[in-house]
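A short worksheet on the structure shown next.
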Amino acid sequence: MAEQHVYSFGAGAADGDRTMKNTLGGKGANLAEMSKTGLPVPAGFTITTDVCVHYSKNKGEYPAGVKEQVDAAIRKVEKAMGAEFGSTTNPLLLSCRSGARESMPGMMDTVLNIGLNEKTVDALIKQSGDERFAWDSYRRFVQMYGDVVLGVDRDEQNEDPFETIIDEAREKAGVEYDHELSADQLKEIVAEFKKVVKEQKGRDFPDDPMEQLWGAIGAVFDSWDNDRAVVYRRQYGIPHEWGTATNVQAMVFGNLGNDCATGVGMTRDGADGTPGFNGDYLINAQGEDVVAGIRTPKRIEETFEKDMPAAFKELTEIGERLEAHYKDIQDIEFTVQKGKVWMLQTRNAKRTGFAAVRIAHDLVEEGVIDSKEALNPRRIPADDLNQLLQPIFNTADKKSAQDAGKLLTSGINAGPGAASGKVVLTAETAEAWYNKDNNVNLVLVRKETSPEDLRGMRVAKGILTAQGGASSHAALVSRQMGKACIVGAQELNINYAAKTVSVGGTTLKEGDDISIDGFTGEVFAGLIPTSPSEVMQVLDGELKAEESETYQRYSKIMGWADEHRTLNVRANAESDDAAEAVAFGAEGIGLCRTEHMFFGHLDEIREMILAETAETRQKAVDQLLPFQKEDFTKLFTTLAGKPVTIRLLDPPLHEFLSDRHLEEEPGLDEKLAKIAGVTKEDVHRRVSELHELNPMLGHRGCRLGVVYPEVTRMQATAIFEAAVATKQAGHDVYPEVMIPLVGFKTEFENQAAVVREAAAAVFEKAGVEIPYTVGTMIEIPRAALRADEIAEGAEFFSFGTNDLTQTTLGISRDDYGSFMPQYREMDIVPADPFQTIDQPGVGRLMKIGIEGGRKTRPDLKIGICGEHGGDPKSVMFCHDAGLNYVSCSPRRIPIARLAAAQAAIAAG
Ligand code: PEP
Ligand code: MG
C-alpha cells in the first residue's frame, strides 16, 4: 500500500491523534484528537510534514500518491459536510492552514474561502440568503490568495494595493469600517483586486477550485522557508528540517449575521495564570478580523456570556474538557455559525514565566498533575523563572516606547532584567552621582568594562557595552550582581571625551535617560519605568512571604525541584552577593574569584606588581593578607559551613595596571612611584613589560603563582587563617582551594605544594586542623586530556567552561561579538557557545576529563563554574555527564535548581 500522506479528521472520527505531532504538526494532531473526543470540528484533512520536507527538497514536487489521497480526502469532507467542492449549487469552501510540530504563531501562511469564483459565489448567495456575506467572503479570498499565493507586491509608495482599493471604496461610500460596505461595493472591489493581479502577474485570477487549492497548499509549504519563520526557528531552536504540515478544512462562518461570532481564547490567563475562560471575540466576523486589529475585539470574560449565553456555556465546558484531557492550559480558536459552536484549534498555550509557575502550581493543587509533571520543561522553561526575579518593564510602556521610535539598537542580552536611568560613562562619575543621591538610577555605558569599573557597576542599575560577548567581564560580573546587562551593542558610538553616546542620528549626553531590556538586548532612548519583582521583594525582606502568593507558588515549585534533583547548585560569588546566593538556595560557593576582592585595594596590588625583587614583593603582598583574610572570614561565615571554593589569583596583572590606567588617571605614575619606592620611569617600564599581545593566553592563572609563589602563599595563608578564625568563632568551615588554568600536572603539583605548606604552617601556629581540599580548574584542553594524571594530586575538578570554550574553539571570549551574530544567522553554530555548551566539542573534552579524573579517583568531586553553569541546556548536559554540582551567578540559582530537577526527571 502507498505511504499515507493525508490524514482525515472531523465528524467524530480521525485517522490520527495527539501523539502524531511529528507527522501531523501540532494543529493537525490536535484537530484529530478533538474529532476523536467528539468535539465539534469541521471536517478536513492534514497533509503531513514529510510531504513538506519532500516538497522543499524537490523544488515543489509532491511525493507519489499525494494528489490521489487529497482527492479521496476531499470526498470525505464533502460527505461529512453535505456539500461539494466546486459545486455551483451547493459549494463546499475550504481553508488551508500551516501547522508545524511546535507552534510558530503567525509565522506561516493561511488561505481562507478556497473554492469561490463568480459561479460559486452566486450559489453561496442563494444558500446563505446573504449577498453581502458572499461577496465579502469572495473579497477576502481574492485578497488573501493574491497576497499569499500570487505574491502581489506593494506599490511604489510601499502601500498594499488591496488595502488602497478598500480605503478608496470606504471613502467613496463615506463609511468607516469594511463591514459597512454593501454587496455591490464589495463586488466592485473584487473586480478591482482581480485587475491588480492581472496587471502585476500578467495572468487571470484562478477560477478553478482545484487549482486554487493546490496553489494554497504549495504556498503554505513554501511559507515554512519564509524569512519570518526561519528567524523564529533560529530563535527558539526549532530544527529547519522538520517542515510544516498543511491542514485543509471545511470553512465555517462567523460572519453570517448576529448569531455568529469568531474568537480566540484561553482556558486560563496566559499572562498571569488566573483561572477562567478569557480571550477576544467579535460578533459577525471572520477569524482574521480578531487578530488583524481592524475592529477592536470584545473580551470573552466580560461580555460573551451576555451576548451568546448558550455558546459561552458550551465553550466553557469544552475548555474544561480540553484542559482535563490535555492536563494543561489550552489556547483555542472557535467560530459560532448560526448559534452552533465549531472548534478550529486547540493547543497548549504559550505563557509568561509568571503564568507558567502559577498554572503548574494550581494544576497540582487541583489534582490534575503531580509535582513531577509540574516541573516539565514544557510547562516551566527553567529560563523563564528569570521573569519572577528581575525588575521588568511594563509591556504597555515598552510598546509605547517602541511605537514612539525610541528603540536605538540592540546587543547581546547578557544579564536579564530591565533597567532605566541616566547614562553614565565612567565608574567615577557613577560613584560620584550615587554618593550625592543614593536613589539615582544609572545605566553605565562603556565600550567595554574592566575590573576597575566594578565600583561603577555596583551602583548602576544596568550595564551596556559596545563590545564583548556573553562571557565578557561586563556580562559575567553583571549577571553575578544580578544587574540588567547588554553587551556587544556594536552600533553604539561612545565618545568619552565629548561624553556622548550616539547611534545613527541620535545622540545621548551623559545624564540623559536610557532604558535597556536585558531579556531581549534592546536599547531605548528615554525612560521606561521598571518595577521590582514580588519574589525579590520577599527575598530582600521588604515583603512578607505570606503577603505574596507569587512568592509562595515560586517557593513550592523550588521545593519540588529540590526533591527531584541530584545535582548540587552552588554560586559564583565572593562578597555581598554571597548572602543573596544563599537566599536563592546556593549550597555552597563554586567559584570565589579572589581578584574581585582586590579592587578595594588597588594601591597595594599595584605595589606588588611594581616590586622588582622577591623581598619588595613579599612586603607588598604582606599588606594584602589582612584584607584577604577579612574577606574570606566574611565569606565563610555567610556560607555557615557550606563548602566554599576559592580560586587563586587568575587574571593577567595588567588588568590591574596598564598604559590605559596611566593615561586615564593623570598623576597615577607619580603616585605609584612613591608608593613602590621606584622612579616614574620604572613604573612605565614595568607597565610596558606587562603588556601582552594575547593576554588571555599569556601570563595568567597558575602561571602567576608559579612565577610569584609569594602571591599563592599569601592567598593560601589568608584562606586558612580565615578558616581557623571562623572555626574559632563557632562556625563550621569547608575551604576548597582551586588552582586556575592548569595544563600540566607539574603546574598543579607546584602550586598545591605551596598551598599545603601554608596550611600546615597556619594550623601548627593555631593548634587547629581544618579539613580542606586542593583541586583544579579544568579550563584548557590539555587539562581535560591529561585529567587522569592531574587527578593524582587534585582532589576536585571544576570545569571553567568560559576558558575551555575559548581555548577549544580558539575563539576569544571577549571579541567574538564581531562575528557571532552572523554565525548564528547563517546557522554556522546552533547557539552562542559561550552561553550554551558546545556539546560535540567542549562537551566531548569535558567527558574525557571526567572519565580521566574518575579513573584515577573514582569518587572525584566534579563541578562546573563557567557561565554555562546557569544555562538550562548546559545544566542538562552536566547532569547527564555525571557532574556533582553546577555553579552559577546568584540570580541564576533558581533556574539551575529547576533545570537540574528537569534533567534528573528526564533521565528517569
Ligand atoms: C572559566 O574560565 O570558565 C572560569 C570560570 O574562569 P574565569 O571566567 O574567571 O576565567
Ligand atoms: Mg577561567
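Below, each value reflects all heavy atoms present in this structure, side chains not excepted, and no hydrogens, waters or symmetry copies. Please read these numbers as outputs of a predicted model, since none were measured by experiment.
Checking side-chain atoms of Asn694 against main-chain N and O of Leu697 turns up no donor-acceptor pair under 3.5 Å. Formation of a donor-acceptor pair under 3.5 Å by the Lys483 side chain with backbone atoms of Ala460 is found in this model. No donor-acceptor pair under 3.5 Å is formed between the side chain of Arg565 and the backbone N or O of Ala900. With hydrogens and angles ignored, the 3.5 Å screen pairs a side-chain donor or acceptor of Arg606 with a backbone N or O of Phe656. Of the possible donor and acceptor atoms, none in the side chain of Thr808 sits under 3.5 Å from a partner among the backbone N and O of Thr805. Of the possible donor and acceptor atoms, one in the side chain of Arg854 sits under 3.5 Å from a partner among the backbone N and O of Leu860. Of the possible polar contacts, none joining the Asp871 side chain to the His868 backbone as a donor-acceptor pair under 3.5 Å is found. Panel note: side chain Glu747, backbone Gly743; a donor-acceptor pair is recorded below 3.5 Å. Listed for the Arg446 side chain is no donor-acceptor partner under 3.5 Å among the backbone atoms of Thr465. Counting only distance, with no hydrogens or angles, the side chain of Asn386 and the backbone of Asp383 share a donor-acceptor pair below 3.5 Å.
A salt bridge links Arg786 to Glu789: at least one charged side-chain nitrogen sits closer than 4.0 Å to a carboxylate oxygen. Using a 4.0 Å cut-off between a side-chain N of Lys or Arg and a carboxylate O of Asp or Glu, Lys847 and Glu851 do not qualify as a salt bridge. Taking the charged nitrogens against the carboxylate oxygens, Asp650 and Arg593 have no contact shorter than 4.0 Å, which rules out a salt bridge. With salt bridges taken as basic N to acidic carboxylate O contacts below 4.0 Å, none links Glu681 and Arg685. Using a cutoff of 4.0 Å between basic side-chain nitrogens and carboxylate oxygens, Arg713 and Glu721 are not scored as salt-bridged.
Taking Glu665 as the reference, nothing meets the salt bridge (Lys or Arg N to Asp or Glu O under 4.0 Å) condition, with sequence neighbours excluded. Residues passing the salt bridge (Lys or Arg N to Asp or Glu O under 4.0 Å) test with Asp603, sequence neighbours excluded: Lys671.
Ring orientation note: the planes of Phe627 and His601 are close to parallel, at an angle under 30° on the 30°/60° scale. A perpendicular orientation is assigned to the rings of Phe799 and Phe797, their planes being inclined by more than 60° (bins at 30° and 60°).
Residues Tyr816 and Phe834 place their aromatic rings such that the two centres sit under 6.0 Å apart.
A distance of 9.5 Å separates OG of Ser658 from CD1 of Ile609, quoted to the nearest 0.5 Å. To the nearest 0.5 Å, the span separating OG1 on Thr836 from CE on Met876 amounts to 12.0 Å. A distance of 14.0 Å separates CD1 of Ile893 from CG of Leu898, quoted to the nearest 0.5 Å. Rounded to the nearest 0.5 Å, atoms OG1 (Thr594) and CG (Asp631) are 10.0 Å apart. The distance from the OG1 atom of Thr712 to the CD1 atom of Ile739 is 7.0 Å, given to the nearest 0.5 Å. For the atom pair CG of Asn884 and OG1 of Thr566, the computed distance is 9.5 Å after rounding to the nearest 0.5 Å.
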>> side chain to side chain contact (heavy atoms under 4.5 Å, CB included) for Met777 and Leu741? Distances and angles first, verdict last.
In response: CA-CA 6 Å; Met777 295 194 71; Leu741 219 75; over 6 Å; no

>> Between Glu792 and Thr856, does the side chain to side chain donor-acceptor pair (under 3.5 Å) criterion hold? Intermediate values first, please.
In response: CA-CA 6 Å; Glu792 285 166 17; Thr856 306; 5.3 Å; no

> Given the rule in the ring-ring contact (aromatic ring centres under 6.0 Å, His included) test, do Phe720 and Tyr772 qualify, once you have shown the distances and angles that lead to the verdict?
Replying inline: CA-CA 9 Å; Phe720 294 114; Tyr772 71 95; 4.7 Å; yes

>> Applying side chain to side chain contact (heavy atoms under 4.5 Å, CB included) to Ser575 and Arg458, what does each step give before you reach the verdict?
In response: CA-CA 12 Å; Ser575 48; Arg458 221 164 250 151; 4.1 Å; yes

> Does the side chain to side chain contact (heavy atoms under 4.5 Å, CB included) test come out yes or no for Arg897 and Met558, once each step is laid out?
Replying inline: CA-CA 7 Å; Arg897 284 162 70 192; Met558 286 291 101; 3.4 Å; yes

>> Run the salt bridge (Lys or Arg N to Asp or Glu O under 4.0 Å) test on Lys642 and Glu587 for me, step by step, so that the C-alpha distance in whole Å, both residues' side-chain angles and the decisive distance to 0.1 Å come before the verdict.
In response: CA-CA 6 Å; Lys642 295 185 175 78; Glu587 296 165 298; over 6 Å; no

>> Before you tell me yes or no, could you show the steps for Leu610 and Val683 under side chain to side chain contact (heavy atoms under 4.5 Å, CB included), namely the whole-Å CA-CA distance, both residues' side-chain angles and the distance that decides it to 0.1 Å?
In response: CA-CA 7 Å; Leu610 291 169; Val683 172; 4.2 Å; yes

> Do Glu692 and Arg700 pass the salt bridge (Lys or Arg N to Asp or Glu O under 4.0 Å) test, and can you show the C-alpha distance, the side-chain angles, and the key distance before you say yes or no?
Replying inline: CA-CA 11 Å; Glu692 291 179 315; Arg700 57 172 291 223; over 6 Å; no

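Nearest heavy-atom pair across Pro735 and Ile719 is CB-CG2, 4.0 Å. Across Leu845 and Ala784, no two heavy atoms sit closer than the pair O-CB, 3.5 Å. Among all heavy-atom pairs drawn from Ala881 and Ile850, the shortest one is O-CD1, 3.6 Å. Nearest heavy atoms, Phe636 versus Ala723: CE1-N, 3.7 Å. The two atoms that bring Val768 and Phe763 nearest to each other are O-CB, 2.9 Å, heavy atoms only. Cys865 approaches Gly590 most closely through the heavy-atom pair CB-O, 4.0 Å.
Among Thr801, Ile811, Leu804, Leu809, the one residue that satisfies the side chain to side chain contact (heavy atoms under 4.5 Å, CB included) test with Asp838 is Leu809. Considering Gln715, Glu736, Glu595 in turn, Glu595 is the only one that fulfils the side-chain hydrogen bond (donor to acceptor under 3.5 Å, both in side chains) rule with Arg647.
Counted by atom type alone, Asn572 and Ser889 present zero donor-acceptor pairs between their side chains at under 3.5 Å. For the residue pair Asp803 and Gln806, a side-chain donor N or O sits within less than 3.5 Å of a side-chain acceptor on the partner. Side-chain atoms of Ser688 and His691 include no donor-acceptor pair closer than 3.5 Å.
Residue pairs that meet the salt bridge (Lys or Arg N to Asp or Glu O under 4.0 Å) test with at least one member in residues 615-627, sequence neighbours left out, are Glu607-Lys619, Arg617-Glu710.
Within a 6.0 Å sphere centred on CD of Glu630, other residues, nucleotides and ligands contribute 12 heavy atoms or fewer. By the 6.0 Å contact criterion, CD on Glu689 is enclosed, its count of non-hydrogen atoms from other residues, nucleotides or ligands being greater than 12.
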